[in-house]
2 protein chains.
Amino acid sequence: MMESAGWQEQLSRVGVRLTTSREIVANILHDTQRHLSAEDIFIRAVQVNPSIGLTTVYRALELFTDIGIVQKFDFGDGKARYELASDHHNAEHHHHLICIKCKKIINYDDFVQEELELMKKTEKALSKKHHFKIMHHIIHFYGICEHCR
Amino acid sequence: MMESAGWQEQLSRVGVRLTTSREIVANILHDTQRHLSAEDIFIRAVQVNPSIGLTTVYRALELFTDIGIVQKFDFGDGKARYELASDHHNAEHHHHLICIKCKKIINYDDFVQEELELMKKTEKALSKKHHFKIMHHIIHFYGICEHCR
DNA sequence: ATGAAAATGAAACCCATTTTCATATTTGAA
DNA sequence: TTCAAATATGAAAATGGGTTTCATTTTCAT
Ligand SMILES: [Mn+2]
Ligand SMILES: [Mn+2]
Ligand SMILES: [Zn+2]
Ligand SMILES: [Zn+2]
């Protein structure tokens, strides 16, 4: 598995500064398996640097998303959630299972390998047909979790 | 292809009234291939009944989504978009290609058949493993469209 | 060190969606 | 039919995640 460059190098490549705020946000994302909202991240960031602003967190997340080291999700609970893009994550590429009642999110990667092969193929065909440059994809399953039956 | 019950029957089955507002919203969704926002729908609804309120449109959409005749999407442009669920639509089940620049959405169903087989299989395995009752899924490809290159 | 460019935080703002509440419509029991 | 309870509706106000503004601070190249 080819590991891509770290976020620090990505930032300088894009010509953007490697600030402590950004480092804090990147570390928080690196250290969790969860799907944190901007405010979740802000709360943790304040533990590290009490003077950090929520706005700065939003700005870091937007930047990271734009340059592809973070993936932004909407799971339907009214706030965006973020995780490191798979290339930059410890974890493997994975997809999601979402409870429409309690909004619990489960990562799964058991079947992703087969999915990815098909996605690759589909991606190629779609790119050609619609002249799209495809950057990434999502697969979400929605349903009712054990607990919410 | 097994066609499921119409939305009218669905409503009465759920014990909810078949009002003209709801009919207007259902018809608008039935008559388009597009991915309309609540306000898009409201604007069209006013053409039919100038006294209808935006709130009522939101309420109808929430109801329809809850009972499964409408699927609500977030394509990342800050407002929810709605389409009839595939069982209730003329169109076949399809997936989406989204331009992250101009937010254009393309339906595709060329490759969905193969995707669906795999999804079915995955769905079954995930249901079992995580004790989830899976209701539906989405597959979205994100990229840059021809026009936004 | 020094000035320009980039980044930051607080407050104000935006805007899609939800809530409230008073009014209207529907339903079905009497 | 009639009438009261249950439901649905519209306008206005409230909510809340996210963005913009702007004055200040930090960083970087010279
Ligand atoms: Mn995940
Ligand atoms: Mn569609
Ligand atoms: Zn649940
Ligand atoms: Zn585009």
Side-chain angles (χ1 to χ4, degrees), chain A residues 7-28 35-67 69-82 100 103, chain B residues 7-8 10-26 28 35-67 69-82 100 103:
Chain A
W7 65 271
Q8 295 92 342
E9 296 141 64
Q10 285 265 33
L11 286 198
S12 44
R13 188 180 313 151
V14 181
V16 119
R17 290 175 187 168
L18 297 71
T19 67
T20 49
S21 302
R22 287 169 182 162
E23 186 173 17
I24 290 170
V25 172
N27 286 338
I28 289 169
H35 304 84
L36 303 178
S37 67
E39 194 173 4
D40 293 337
I41 293 166
F42 171 66
I43 288 169
R44 297 180 187 207
V46 166
Q47 320 268 57
V48 181
N49 172 2
S51 76
I52 199 171
L54 176 57
T55 312
T56 300
V57 171
Y58 271 111
R59 285 192 278 229
L61 290 169
E62 185 185 19
L63 174 66
F64 290 170
T65 302
D66 286 348
I67 68 181
I69 69 183
V70 158
Q71 199 167 354
K72 180 180 182 179
F73 292 95
D74 179 343
F75 293 112
D77 68 341
K79 54 194 98 178
R81 293 177 178 278
Y82 302 85
I100 58 182
K103 312 295 180 187
Chain B
W7 65 271
Q8 295 91 341
Q10 286 264 32
L11 286 197
S12 44
R13 186 180 314 152
V14 181
V16 118
R17 292 176 187 164
L18 297 72
T19 67
T20 51
S21 302
R22 288 168 182 162
E23 186 173 16
I24 290 170
V25 171
I28 289 169
H35 304 84
L36 303 178
S37 67
E39 194 173 4
D40 293 336
I41 294 165
F42 171 65
I43 288 168
R44 298 180 187 207
V46 166
Q47 320 268 57
V48 180
N49 173 2
S51 76
I52 199 170
L54 176 56
T55 312
T56 299
V57 171
Y58 271 109
R59 286 192 277 230
L61 290 169
E62 184 186 19
L63 173 66
F64 290 169
T65 302
D66 286 348
I67 67 181
I69 68 182
V70 159
Q71 198 168 354
K72 181 180 182 178
F73 293 95
D74 179 343
F75 294 112
D77 68 340
K79 54 195 100 179
R81 294 179 178 276
Y82 303 84
I100 58 182
K103 312 296 180 185

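Chain A is the first sequence line, chain B the second, and so forth, proteins listed ahead of strands; every chain is numbered from 1. As the structure is a computational prediction, the values presented were derived from the model and not from experiment.
Between A:Leu63 and A:Leu54, it is A:Leu63 whose nearest contact on DNA chain C lies nearer the 5' terminus.
At a threshold of 4.5 Å between non-hydrogen side-chain atoms, the residues B:Leu63 and B:Leu11 count as touching.
In terms of modelled atom types and a separation under 3.5 Å, the side chain of B:Thr56 and the main chain of B:Ile52 share no donor-acceptor contact. Distance alone, capped at 3.5 Å, is enough to place a donor-acceptor pair between the A:Arg22 side chain and the A:Arg17 backbone.
Listed candidates were C:dT18, D:dA8, D:dG18. Nearest to the side chain of A:Ala80 is D:dG18. Listed nucleotides: C:dT17, D:dG18, C:dT25. Nearest to the side chain of B:Arg17: C:dT25. Of the candidates D:dG10, C:dA11, C:dA7, the closest approach to any side-chain atom of A:Val16 belongs to C:dA7. Picking from D:dT9, D:dG17, C:dT17 the nucleotide with the shortest atom distance to the side chain of A:Glu39 gives D:dG17.
For B:Tyr58 and D:dA11, the OH to P distance is 15 Å, given to the nearest whole Å. Rounded to whole angstrom, the span from the CZ atom of B:Arg59 across to the P atom of C:dA16 amounts to 19 Å.
Aromatic ring pairs are classed by plane angle as parallel below 30°, tilted from 30° to 60° and perpendicular above 60°; the pair B:His35 and B:Phe75 is perpendicular.
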Taking Watson-Crick and G-U wobble pairs with both distances under 3.5 Å, convert DNA chain D into its dot-bracket string, 5' to 3', dots for unpaired and | for cross-strand pairs. ||||||||||||||||||||||||||||||

